[in-house]
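Following: one structure in structure tokens, then a few remarks.
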Amino acid sequence: MQEIKKVTVKVPQAYLDLMNQIFEIEKKTLNLKEENSIQRNINKINGLLEDGIFNDVGLSSYNPLGENYSDTRTDCEATISGTSIENLEIVEVIKPIIFYTYKENGNVMKIIAQPAVVIVQSKNIHK
């Protein structure tokens, strides 16, 4: 039987703020109409953060936009848009999921440092 160990971590708020700002820049670049290399620079910054420039721990983010949502989901804090609570979909991401990665006994461990802040809406509204 596999042992399940609950791990909590306190990531400095400045690190979470940095990850959230990079996420905001990524969202804004999606609206740019011209060719640019901003996304390449963002990818490089994300790579540095994920590979552990903070003393062998890494931070990475995940955008759950478009995924299904239910109240059992623990990686998102949601606000429901509309009146229906059935067949929910994530329609906007205010803050991404931020993962904290570290090594323990030679194994790479990954836990949630910040749940996403999202807006969800019923898929049934479009029918």
CD (Gln13) with more than 12 external heavy atoms under 6.0 Å: yes
Minimum heavy-atom distance between Lys123 and Leu88, given as atom pair plus value: CE-O, 4.4 Å
Gap between atom CD of Glu77 and atom CD1 of Ile97 - 0.5 Å precision: 11.0 Å
Closest heavy-atom pair and its distance - Cys76, Pro115: N-CB, 4.2 Å
hydrophobic_cluster_shared for Ile25 and Leu32, side chain cutoff 4.5 Å: yes
Gap separating the CE atom of Met19 from the NZ atom of Lys95, nearest 0.5 angstrom: 13.0 Å
Residue pair Phe23, Val93: steps toward the side chain to side chain contact (heavy atoms under 4.5 Å, CB included) verdict: CA-CA 10 Å; Phe23 178 75; Val93 178; 3.5 Å; yes
Heavy-atom closest contact (Ile90 atom, Leu65 atom, distance): O-CD1, 3.8 Å
Set of residues satisfying salt bridge (charged side-chain N to carboxylate O under 4.0 Å, His left out) with respect to Asp75, sequence neighbours excluded: Arg73
Path from Ile111 to Tyr62 over hydrophobic side-chain contacts below 4.5 Å: no
Residues Leu49, Ile22; criterion side chain to side chain contact (heavy atoms under 4.5 Å, CB included); working and verdict: CA-CA 11 Å; Leu49 293 169; Ile22 292 170; 3.4 Å; yes
Residue pairs involving residues 107-117 (criterion side-chain hydrogen bond (donor to acceptor under 3.5 Å, both in side chains); sequence neighbours excluded): Asn20-Gln114
Salt bridge (Lys or Arg N to Asp or Glu O under 4.0 Å) partners of residues 16-31, not counting sequence neighbours, each pair once: Glu24-Lys27
Hphob cluster co-occupancy, Val9 + Ile112, side-chain heavy atoms under 4.5 angstrom: no
Joint hydrophobic cluster, Val11 plus Leu18, side-chain heavy atoms closer than 4.5 Å: yes
Least distance between heavy atoms, Tyr100 atom then Ala113 atom: CB-CB, 4.0 Å
Gap separating the CG atom of Leu16 from the OG atom of Ser61, nearest 0.5 angstrom: 11.0 Å
Same apolar cluster: Phe99 and Ile45, side chain cutoff 4.5 Å: no
Ile94 CD1: over 12 foreign heavy atoms closer than 6.0 Å: yes
Non-hydrogen atoms of Glu89 and Gly66 that approach each other most closely: OE2-O, 3.5 Å
Sidechain-backbone polar pair: Ser122 side chain, Glu86 backbone, donor-acceptor under 3.5 Å: yes
